[in-house]
Amino acid sequence: MGFMHTKVFRLGFSLLVVVWLVLGALIQPAAALTGEQKLVSEVWRIVNRTYLDETFNHQNWATARQKALERPLQDNQAAYGAIQKMLKSLNDPFTRFLDPEQYRSLQVNTSGELTGVGLQIALNPETGKLEVVAPIEGSPADKAGIRPRDRIIKIEGISTENLTLDEAATRMRGPIGSFVTLLIERDQEGETEIRVTRDRIALNPVVSELRVSPEGTPIGYLRLTQFNANASMELAHAISSLEKKGAAAYVLDLRNNPGGLLQSGIEVARLWLDSGPIVYTVNRQGIQGSFEAFGPPLTEDPLVLLVNQGTASASEILAGALQDNGRAQLVGETTFGKGLIQSLFELSDGSGLAVTIAKYETPKHRDINKLGIKPDKVIPQAALNRENIGTEADLQYQAAVELLVKDSVVAGKV
């Protein structure tokens, strides 16, 4: 009897030792993580918690972390490489790591000034090629004739095939007055080399002017080039000024507007809408957030939006909101089709992480990612020089004016 008691005790003690050893093996690596490994784990946790696709591109996300940490990471650059490799497995060009310099540059891009060529770029998810969403209005790239949908094949002779978005952007930035040579591929035109002079890029997003149609209708022309932190305030000032000058109708030009801040797009929509939904956001749990207009709008005058293939992201949110609510007609070409929302996270070492956290739907629950928004009136338009925008050569603008004159007469505005 005493033997049996001793045997059970010894067996129980042995089990405790085994459990202690197993737990120790599990706990020890976590406690001994280096600073570089902690940074990798920090990124993994953020993606694990927030990423839109709960299948993580049909892979075991825990295994992705294990692979990233299986080799020693000697310094921050090694950690950055491991993070980028881990994120690449998601096959999502918009979920990306930004080193401290890239992170600061992205923050400047939405609120201040930057020095470079003035291009908004994206990786085409189907071809993997680096593609121009749109040149920034009046930028060196715009003046050099670079167009939406152009593919950037090389930067200073270096292939862009294996570059991330931020690596490509960094290579195009540089001191004012310096040059960068881009090899551009364009539909029906093949490849061409374009040399661009870097400059300070002004980020004032609004151009406004009171124009008069041939029939005598005073039309407020507004061009919005991007949705930065100042877009809503600047556009509100422009609308108020045009109202005082007697505008009876409006053209809001979103062509080649690559988007920007989601909140900015929502605030601009509220300038035009009395009530109704603006956009729905859907995360991986399927939970919908909604943003509404609560009025009153700054004006109820007839409105036409000009859109094209370079109209993307927050621009598409605005276009979808105004079209679905019956507030505006759209004229031009089908938009770019970026219906994903990214959130920006600052990491512990000053670097950053952009993560696709949700998709958006228009008020009528249209998912436009990779599809774009089709205008009410489709008008093809050859590429225009900046000087020809809003002139007789601008077929889309002329079609918008015709619609507005008709609407203004019916409404008794003229």
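Worth knowing before you read on, the calculation uses all heavy atoms, side chains too, and leaves out hydrogens, waters and symmetry mates.
Looking at Ser313, its side chain never comes within 3.5 Å of a backbone N or O of Gly259 through a donor-acceptor pair. A donor-acceptor pair is defined here as one N or O able to donate and one able to accept, closer than 3.5 Å; no such pair exists between the side chain of Ser351 and the backbone of Leu347. The main-chain N or O of Ile184 is never found under 3.5 Å from a side-chain atom of Glu191 such that the two would form a donor-acceptor pair. With hydrogens and angles ignored, the 3.5 Å screen pairs no side-chain donor or acceptor of Asp394 with any backbone N or O of Ile389. Side chain of Arg270 to main chain of Gly295: no donor-acceptor pair is present (N/O by atom type, distance under 3.5 Å, no hydrogens or angles). Here the side chain of Asn230 pairs no donor or acceptor atom with the backbone of Glu234 at under 3.5 angstrom.
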Before giving the answer on side chain to side chain contact (heavy atoms under 4.5 Å, CB included), spell out for Ile357 and Asn283 the whole-Å C-alpha distance, their side-chain angles and the decisive distance to 0.1 Å.
CA-CA 6 Å; Ile357 61 166; Asn283 64 17; over 6 Å; no
Do Ser264 and Ser232 pass the side chain to side chain donor-acceptor pair (under 3.5 Å) test, and can you show the C-alpha distance, the side-chain angles, and the key distance before you say yes or no?
CA-CA 6 Å; Ser264 179; Ser232 176; over 6 Å; no
Go through the steps to decide whether Phe345 and Val355 satisfy the test side chain to side chain contact (heavy atoms under 4.5 Å, CB included), and finish with yes or no.
CA-CA 8 Å; Phe345 299 86; Val355 182; 4.0 Å; yes
Between Gln59 and Ser89, does a side chain to side chain donor-acceptor pair (under 3.5 Å) hold up when you go through it step by step?
CA-CA 8 Å; Gln59 66 173 321; Ser89 70; 2.8 Å; yes
Salt bridge (Lys or Arg N to Asp or Glu O under 4.0 Å) between Lys129 and Glu185: does it pass, once the steps are laid out?
CA-CA 10 Å; Lys129 290 188 176 182; Glu185 181 185 62; 3.0 Å; yes
Which is it for Leu330 and Val304 under the side chain to side chain contact (heavy atoms under 4.5 Å, CB included) test, yes or no, and what are the steps along the way?
CA-CA 6 Å; Leu330 272 57; Val304 171; over 6 Å; no
Step by step, would you call Tyr250 with Glu243 a side chain to side chain donor-acceptor pair (under 3.5 Å)?
CA-CA 10 Å; Tyr250 287 88; Glu243 283 288 289; 2.6 Å; yes
In sequence, state the C-alpha distance, the side-chain angles, and the governing distance for Arg149 and Phe336, and then conclude on side chain to side chain contact (heavy atoms under 4.5 Å, CB included).
CA-CA 9 Å; Arg149 302 286 183 177; Phe336 187 82; 3.6 Å; yes
Going through the checks in order, is the side chain to side chain donor-acceptor pair (under 3.5 Å) test met by Glu42 and Ser348?
CA-CA 8 Å; Glu42 183 182 359; Ser348 54; 2.8 Å; yes
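Tyr280 and Asp367 share no donor-acceptor pair across their side chains, judged by distance under 3.5 Å alone. Using modelled atom types and a 3.5 Å distance limit, the side chains of Ser275 and Glu292 yield no donor-acceptor pair. For the residue pair Gln329 / Asp376, no side-chain donor-acceptor distance below 3.5 Å is found, with atom types taken as modelled. A donor-acceptor contact closer than 3.5 angstrom is absent between the side chains of Thr225 and Asn257. Side-chain contact annotation: Tyr221 with Asp253, donor-acceptor N/O pair under 3.5 Å present. Donor-acceptor pairing under 3.5 Å is lacking for the side chains of Thr217 and Glu215. Side-chain atoms of Ser178 and Arg198 form a donor-acceptor pair, as typed in the model, at a separation below 3.5 Å.
Counting all heavy atoms, side chain and backbone alike, Leu210 lies closest to Leu242 at N-CD2, 3.7 Å. The two atoms that bring Ala134 and Asn256 nearest to each other are CB-O, 2.9 Å, heavy atoms only. Taking every heavy atom of both residues into account, Leu222 and Ser208 meet most closely at CD2-CB, 3.6 Å. Nearest approach of Phe227 to Ala231, heavy atoms of both residues: CA-CB, 4.0 Å. Residue Asn325 comes nearest to Pro277 through the heavy atom pair ND2-O, 2.8 Å, listed as atom of the first residue, atom of the second, then distance. In plain terms, the two heavy atoms of Ala79 and Leu39 that are nearest each other are CB-CD2, 4.5 Å.
From Glu193, atom CD reaches atom CD1 of Ile153 across 12.0 Å, with rounding to the nearest 0.5 Å. To the nearest 0.5 Å, atom CG of residue Asp99 and atom CD1 of residue Ile83 are 10.5 Å apart. Taken to the nearest 0.5 Å, the CD atom of Glu316 stands 10.5 Å off from the CZ atom of Arg366.
Using a 4.5 Å cut-off on side-chain heavy atoms (C-beta onward), Leu163 and Arg171 make contact. At least one side-chain heavy atom of Val196 sits under 4.5 Å from a side-chain heavy atom of Ile146. Looking at heavy atoms from C-beta onward, Leu87 lies in side-chain contact with Val43 at the 4.5 angstrom threshold. Side chains of Leu182 and Lys154 form no contact here, defined as non-hydrogen atoms less than 4.5 Å apart. Between Tyr103 and Leu353 the shortest side-chain heavy-atom distance does not fall below 4.5 Å. The side-chain heavy atoms of Ile373 and Val307, taken from C-beta on, include no pair separated by under 4.5 Å.
Taking the six-membered ring where the residue is Trp, Trp44 and Trp61 present parallel rings, their angle staying beneath 30° rather than reaching 60°.
Judged by the 6.0 Å distance and 45° axis criteria, Lys338 is not positioned over the aromatic ring of Tyr360. Stacking of Arg255 on the aromatic ring of Tyr397 is not recorded, the 6.0 Å distance cut-off and the 45° axial limit not both being met.
Glu54 and Arg284 are not joined by a salt bridge, as no carboxylate oxygen comes within less than 4.0 angstrom of a charged side-chain nitrogen. Ionic pairing of Glu209 and Arg211 is present here: one or more N-O contacts between side-chain nitrogen and carboxylate oxygen are shorter than 4.0 angstrom. The pair Arg151-Asp187 counts as a salt bridge, with a side-chain nitrogen and a carboxylate oxygen less than 4.0 angstrom apart.
Atom CD of Glu189 has more than 12 heavy atoms from other residues, nucleotides or ligands within 6.0 Å. Atom CD of Glu70 has more than 12 neighbouring heavy atoms from other residues, nucleotides or ligands inside a 6.0 Å radius. Environment of CD in Gln66: sparse, with no more than 12 heavy atoms of neighbouring residues, nucleotides or ligands closer than 6.0 Å.
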